[in-house]
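Below: one structure, written as structure tokens.
All values reported here derive from a predicted model rather than from experimental measurement. Start at 1 and go down the list; that is how both ligands and their atoms are numbered.
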Amino acid sequence: SDPNYVNIVEVGPRDGLQNENAVIPPALKAELITRLGRAGMKMIEAGSFVSPKWVPQMEGTDEVLRQMEHLQGVHYPVLVPNMKGLDALLALLSTENPPVSRPQHAAPPLPPAPPLTDEIALFTAATDAFCQANTNCTVAESLARLAPVAARARASGLRVRGYVSVVVVCPYTGRVRAEEVRDVARALLDMGCYEVSLGDTVGAGTPADIRALLETVMGGAQGVGPAQLAVRMLVGSGHFHDTYGAGVANMFAALELGLRTFDASVGGLGGCPYSPGATGNVATEDVLYALRGHGGGAGGARRYSAAGDLDALAEIGAWISGRLGRRNESRAGKAIMAW
Ligand code: HMG
Ligand code: MG
């Protein structure tokens, strides 16, 4: 496989929409996910099975999973904070199949329909203060709470991804030590997460911060052989909120250290309900443009490849921003739409 292929995890329908003031109907969320799938995204977070008292915006994720189009080979992870969330998801999966259109006359018989989702994402943080604000428990308590959730999810055939929040700065306690991030990331991998996404929740990190962080989390910059590089590429994802505009630069710092997975949000949607002032993730359109350029614009030599139709994504970013009555935060998206 291409060592310069970059996986993009589209988090707009979850990280983006969880932060909107208005309650968004499941049909609109489902339409957003359907469009993102048709635009070629391979991983699309579809929502969360969290407490509606804590995050009312994510209520109805079961409805979203039922209504959206499911494409073969595309993963649609949902966030799960505890066993109650996994119970709800497994109950849904045992009773529902996705709405895929299948020609009844086709022979030989078609394989069984894929499940509504095959993946969950667990989340914790590098500091107790953020973890308390987000999930009402300490980091140690959250890891103890999540381990049986990961085990049961895996036993039920689900893939499990993990998140560590506040990997650079915590809105409550300030700068975070990279060793704390490393230990929490290891704990998530040990409980069976196939990948840990490193969340710069506040979006205050710079390329130098990300380099220093990864050198600690990934075990030092010296003597990086191909095997170690492969390990780095497999287990880590960058989840950079773009509050200070350094998201794309941070991605390139991480690319140079071997990371090949990044979370991004169409139109730059989003924020975090427990990180005041933080804006959305780095925009999917901006990430794709920086990686690959664009046929119609100034983009030239291509070092990296990634899935996704940039023109279609620019349209989706403009469309969803309009539907939500918010500003389109993607620079590349706006430029492409103006072309
Ligand atoms: P709690 O209040 O300690 O939990 O919240 P509890 O067990 O005492 O339950 C309280 C109520 O919630 C009960 O209802 C439960 O039944 C219900 P009541 O008896 O009062 O009617 N409840 C649930 N309902 C539905 N689904 C569930 C569930 N669990 C309990 N799963 C809890 C603890 C973890 C539940 C809560 O704090 C919570 O849901 N937090 C989620 C916060 C969240 O979603 N944050 C945003 C996602 S993380 C993020 O954005 C960061 C990320 O993007 C990376 C980055 O940028 O850093 C991933
Ligand atoms: Mg986030």
Just jot down the ligand 1 atoms closer than 4.0 angstrom to any heavy atom of [X], in number order.
X: Phe49; answer: 26 (N), 27 (C), 31 (N)
X: Pro81; answer: 31 (N), 34 (C)
X: Asp15; answer: 53 (O)
X: Asn136; answer: 1 (P), 2 (O), 3 (O)
X: Ser165; answer: 51 (C), 54 (C), 55 (C), 57 (O)
X: His241; answer: 56 (O)
X: Gly85; answer: 31 (N)
X: Leu79; answer: 47 (C)

| Closest to atom 29 (N) of ligand 1 (judged by heavy-atom distance), picking from Asn82, Val80, Val149 | Asn82
| Best match, Gly199, Ser142, Gly280, Ser51: closest heavy atom to atom 39 (O) of ligand 1 | Ser51
Take every heavy atom of [X], measure it against each atom of ligand 1, and state whether any distance is under 4.0 Å.
X: Gln132; answer: no
X: Ser197; answer: no
X: Arg14; answer: yes

| query | Taking a hydrophobic cluster as the set of Ile, Leu, Val, Met, Phe, Trp and Tyr residues connected by side-chain heavy atoms closer than 4.5 Å, whether directly or through intermediates, do Met337 and Val266 fall within one such cluster? | reply | no
Between atom [atom1] of [X] and atom [atom2] of [Y], what is the distance when rounded to the nearest 0.5 Å?
X: Arg211; Y: Leu257; atom1: CZ; atom2: CG; value: 7.0 Å
X: Leu36; Y: Met43; atom1: CG; atom2: CE; value: 13.5 Å
X: Trp54; Y: Ser48; atom1: CH2; atom2: OG; value: 14.0 Å
X: Leu89; Y: Glu119; atom1: CG; atom2: CD; value: 11.5 Å
X: Gln57; Y: Leu17; atom1: CD; atom2: CG; value: 9.0 Å

Backbone, side chain, both or neither: what part of [X] comes under 4.0 angstrom of ligand 1, heavy atoms only?
X: Arg145; result: side chain
X: Asn134; result: both
X: His239; result: side chain
X: Val50; result: both

Any N/O of [X] closer than 3.5 Å to an N/O of ligand 1?
X: Lys53; result: yes
X: Phe123; result: no
X: Val55; result: no
X: Thr201; result: yes
X: Tyr163; result: no

| Check: Gly205 main-chain N/O paired with Asp200 side-chain donor or acceptor under 3.5 Å | yes
| Would Arg159 count as a cation-pi partner of Tyr194, with NZ or CZ less than 6.0 Å from the six-membered ring centre and within 45° of the ring normal? | yes
| request: Is it possible for you to check whether Arg292 lies under 6.0 Å from the centre of the six-membered ring of Tyr289, through NZ or CZ, and within 45° of that ring's axis? | output: no
| query | Hey, what's the ring geometry for Tyr172 with Phe130, parallel, tilted or perpendicular (30° and 60° as the breaks)? | reply | tilted
| request: Take the angle between the ring planes of His70 and Tyr76 and call it parallel below 30°, perpendicular above 60°, tilted in between. | output: perpendicular
| message | Once salt bridge (charged side-chain N to carboxylate O under 4.0 Å, His left out) is applied, what residue pairs with a partner in residues 39-53 remain, sequence neighbours excluded? | response | Arg14-Glu45
| query | Can Thr261 and Asn7 be said to form a side-chain hydrogen bond (donor to acceptor under 3.5 Å, both in side chains), step by step? | reply | CA-CA 5 Å; Thr261 304; Asn7 303 294; 3.2 Å; yes
| field | Name, closest N/O/S atom of Asp15 to the Mg ion (ligand 2) | value | OD2
| request: If you have a sec, read the angle at the Mg ion (ligand 2) from His239 atom NE2 over to His241 atom NE2, to 10 degrees. | output: 90°
| field | Where at least one partner belongs to residues 77-95, residue pairs that pass side chain to side chain donor-acceptor pair (under 3.5 Å), sequence neighbours excluded | value | Asp87-Arg152
